[in-house]
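Some notes on the structure that comes next.
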2 protein chains.
Amino acid sequence: MLRGMQTSADIAERLLEALLAGKFEPGSRFGEQDLAAVFGCSRTMVREALTRLSARGLVNVSPRRGWYVVEVTREQAQEVFESRRIIEVGILNNARQVSPESLRRLDAHIKRQKASFSRDNAGLRSFLLGDFHVCLAQCLGNSILAESLRDLTVRTTLAAMRFQSWKDATRSFNEHREIVEILHAGDLAAAASAMSAHLGTWDVKLSVPSERDSVSLLREALQPVDRPARDLHTRSVAKSRPARPARSTS
Amino acid sequence: MLRGMQTSADIAERLLEALLAGKFEPGSRFGEQDLAAVFGCSRTMVREALTRLSARGLVNVSPRRGWYVVEVTREQAQEVFESRRIIEVGILNNARQVSPESLRRLDAHIKRQKASFSRDNAGLRSFLLGDFHVCLAQCLGNSILAESLRDLTVRTTLAAMRFQSWKDATRSFNEHREIVEILHAGDLAAAASAMSAHLGTWDVKLSVPSERDSVSLLREALQPVDRPARDLHTRSVAKSRPARPARSTS
DNA sequence: CCCGCTTATCTTGTATACCTGTTCTGGCGT
DNA sequence: ACGCCAGAACAGGTATACAAGATAAGCGGG
């Protein structure tokens, strides 16, 4: 039973982190009671947390059926990347300079990313690779867009899972490091270019695989899953039910 | 008693619209029971709606005291404008072209804005002037950023109210119309410039008034209010209480 | 043996009850 | 008369109860 400051905001945060860490497949179902049991609280809190995530577009609710991790469509995924490029490149181009403190923070973050490779922790790695972008936005002084980026990085992760457009983690890390180096040099325009390229390599891959038809979907779904259960609170979610219209709420 | 599809998303939407229409001052208090009475539902729904708004950063909750329309600080206001410029200019620069249908939609929106001037409806006017930016983002094919812009336009309105940085509505409208004309000509880069200028005139004004000290705050507060009560659901909110630490949630 | 219908169970949707912290008000003391 | 303290009223925080819809299981007919 996961504890510690059980407000609905905490629960939402926890779920968001897990999402960013890639612990839930798109389309996974979140049962209110299961989550309540896991977090040791009542359904009320869970519902509030899920409502928060819903408002941020990370989960959908299908009436009387449950909450489902969003299944980003290909078009939406393109939009996500477009949005990220606009925001992240925009922030870099808009910034005047990077404070020494921010540079230190970024260095520390890079170090954490690096460390996550030695420890074999795919979840943490995924989380940090996404979180870097949020951290960068914060360091550049725009916490509003940083917050938006949190949602977008999560959706990126989900889109990547869905379309299996894996970007090599090592490569991502190297590009992150490169960006930070450029920032140390103070060349924000160059950093913006590097960021644009960094994001570009993602969606190129994303657009490569052919459109997903129901046959390939089936074939893929029926592949044996040799991946073991991953983590504590992964266990509480049943895999997605047959699927039904789920409405996305504000 | 306001009715019609009383889901929490609807209520949140309604509140957001009212916020964008400038019907609530920053710092206004939303009483759960009052809202429940107004919407003819239970506190549960109201809480859910407010939770949604809270997740989008439009209201804060002060524990055991209530929900308050966010009071954007000057620094946050600057961030809002920076974010808007990054997003809106970015979208325009990123777009390839504008579809005829989108142009029609924009024309229609301009027409509605124009109409709102003849009818003397300040709320509707404020709403439409903000909504135009959202509409534009949607027309340019990025509904994700359009959604983010909804929050940002609301915060812009709130910041403007707080710092009394009124931008002349007629001027805003003219600039909107100009932008749409440029889009008709197909010059997206020029449109981006126009948008940048459009947003620029706002925050210039915003930065002009000096920092607000408690004395001027009092003097201002004690001015006689000759403005009559505006609309139905404005009546349900008590003016802000003395103020206390309100924490902003995710 | 398979398909369709009915019934049971499970899960969410919504309201409400109760608890707790905050604010307001009245009384007391200085 | 002012300020402080205590009690009451009020509002939000949380859990729970009950209703309604959806899924799954069981049963009967073709």
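Numbers restart at 1 for each chain; the letters A, B, ... are given by sequence-line order, proteins then strands. Being a predicted model, the structure only gives us computed values, none of them experimental.
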Please check if any side-chain donor atom of R52(B) sits under 3.5 Å from a side-chain acceptor atom of S8(B), or the reverse.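 There is such a pair (donor and acceptor under 3.5 Å, judged by atom type) between the side chains of R52(B) and S8(B).
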
How about N142(A) and S83(B): does a side-chain donor come under 3.5 Å of a side-chain acceptor?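 Short answer, yes.
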
OP1 or OP2 of dG21(C) under 4.0 Å from side-chain N/O of R65(B): no

According to a strict under-4.0 Å criterion, is R29(A) in side-chain N/O contact with OP1 or OP2 of dT12(C)? yes

Whole-Å gap separating [atom2] ([N]) and [atom1] ([X]):
| X | N | atom1 | atom2 | answer |
| --- | --- | --- | --- | --- |
| D34(A) | dT12(C) | CG | C1' | 12 Å |
| L50(B) | dA11(D) | CG | P | 15 Å |
| E32(A) | dT14(C) | CD | C1' | 12 Å |
| F30(A) | dT11(C) | CZ | C1' | 16 Å |
| Q33(B) | dA17(C) | CD | P | 12 Å |
| R47(A) | dA15(C) | CZ | P | 11 Å |
| E48(A) | dG12(D) | CD | P | 13 Å |
| R64(A) | dG21(D) | CZ | P | 6 Å |

Under-4.0 Å salt bridge between [X] and [Y]:
| X | Y | result |
| --- | --- | --- |
| R125(B) | D120(B) | yes |
| E48(B) | R47(A) | yes |
| R150(A) | E13(A) | yes |

For DNA chain C, list all stems, counting runs of three or more consecutive pairs where every pair is Watson-Crick or G-U wobble with both distances under 3.5 Å.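 Stems (3+ consecutive pairs) listed as C:1-30 with D:1-30.
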
Is there any protein nitrogen or oxygen under 3.5 Å from a nitrogen or oxygen in nucleotides 15-18 of chain D, and what are the pairs?
from	atom 1	to	atom 2	distance (Å)
dA15(D)	OP2	S42(A)	OG	2.8
dA15(D)	N7	T44(A)	OG1	2.8

List for me each residue that meets salt bridge (charged side-chain N to carboxylate O under 4.0 Å, His left out) alongside [X], sequence neighbours excluded, and say none if there are none.
| X | result |
| --- | --- |
| E17(A) | none |
| R155(A) | none |
| E79(A) | none |

R105(A): partners by side-chain hydrogen bond (donor to acceptor under 3.5 Å, both in side chains), with sequence neighbours left out: Q138(A)

